[in-house]
Amino acid sequence: MQFPAALALSSCLDIRSQNGGPLDEGRCEGAIVAKRIRRTVAANLFKAMVLGDAHVPGRSQMADLDLALARRGAMLPATFTEST
Amino acid sequence: MKAWLDIDSSQIPGAGSFSKLDQAGGSRRPKGLEHCFECMLHGGLLDVMCARTRRTGDASLLRARAQEYRPLTPLHLHLDAIETVGWTTDSVGLSARVIRRMAARWVLECVHSYWNPRTGRSYSVRGPQARKPGFLRRADHWPEWNVLGVDDDVSVEQVHRVMVAVASTSVLDNDEDLFTRWIFDCGSTFLATHALNWPNHTVMLGHRVTPELSSLALLHAAFIDEDESRLEDERQIARCVPRSAEWDVSAVKVRLMEGWKRYGEYLYSFGLSRQVVREQLENLELGDPMQLVG
């Protein structure tokens, strides 16, 4: 199974900290950091996949995603706005 | 509460949010990737290996579990490699080092199965050529490994030599998917080889500067270094060429520099950076300090 390259580059949405610094403050177990890396990649990949070129300037990404999913007859998972 | 989808958000969603991603985005994914997110988040190599068991301290169980694991994409394997190189946690009755080496070896096995000179699937021809008998396809497209100085039966632990040598051939040309796979697999190979050999890499790799060691240093320069300056020096690449082998050193330089650039772009698009990957390496080096053998 090949990685769909186009998905990865269709968006440059960034959920890193604003200063571009490390994901975690201080040092913690590699396994915990690895889980955060996985979630970060999944979140960005999902956004790239669903949003594609659907973003309209001035509209929030949440609204973009809602509309993009609605067009496909899908719904945003209820827990989607949960934050860590 | 701030929504994680807002572009200025520095937060990432909680684990619970992801359980339905596969359902929500289902129709957009290519066939075979229906469980892409589930596998990415909860079904990684180390999750599978270290799943709860009553057979604690049983290394053969972990090995068997690893051998049953198949990464869905090179990206999934790359995440496994990143996790492996930062692994410093004892689990299921085994030391972190034993688990890390076992996982690293399986990552290398996965790369080896795709790129090895004898049976590597990456050299299969696609399109009309694919209808030719196997031995003709091989003659048309297979790299001349003897010219490159790579043995057909190169070992799993030395697959990094293959990954660098491939850059001297035209195998990667005109196939974007294969080039993307090569980028991720090169990165995974470096991380897994480091995880396998640390903390006594001088014992595992030797003290002398050999083409093998130079190949590993080159992968570090291409996928870990923050700038591409070490790739600009062709002497660095020439050190990877085995005695009496012939490489197109300039072509290797061009492909590695393109790989360096694209890897950074991929990481950026995923919300990561080389710094994040380096921190996993540092985590290993602090958690399991290097052993100096006299």
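Basis for what follows: all heavy atoms, side chains included, without hydrogens, waters or symmetry-related copies.
Using a 4.5 Å heavy-atom threshold, the side chains of A/Lys35 and B/Asp47 count as touching. The closest side-chain heavy-atom distance from A/Val33 to B/Glu279 is not below 4.5 Å.
Closest of all the heavy-atom pairs between A/Thr40 and B/Gly271 is CG2-O, 3.8 Å. Between A/Ala42 and B/Phe37 the shortest heavy-atom distance is O-CE2, 3.3 Å.
Taking B/Arg70 as the reference, nothing meets the salt bridge (Lys or Arg N to Asp or Glu O under 4.0 Å) condition, with sequence neighbours excluded. Legend: residues meeting ring-ring contact (aromatic ring centres under 6.0 Å, His included) with B/Tyr263, ordered by chain and number and at least two apart, are B/His78, B/Phe223.
Other residues, nucleotides and ligands place more than 12 heavy atoms under 6.0 Å from the CG atom of B/Asp227.
Highest contact tally toward chain A, considering only B/Leu79, B/Val277, B/Thr84, is held by B/Leu79 [criterion: heavy-atom pairs under 4.5 Å].
The backbone N or O of B/Leu41 lies less than 3.5 Å from no partner atom in the side chain of A/Arg38, so there is not a single donor-acceptor pair.
Note: A/Ile37 CD1 to B/Glu83 CD = 8.5 Å, rounded to the nearest 0.5 Å.
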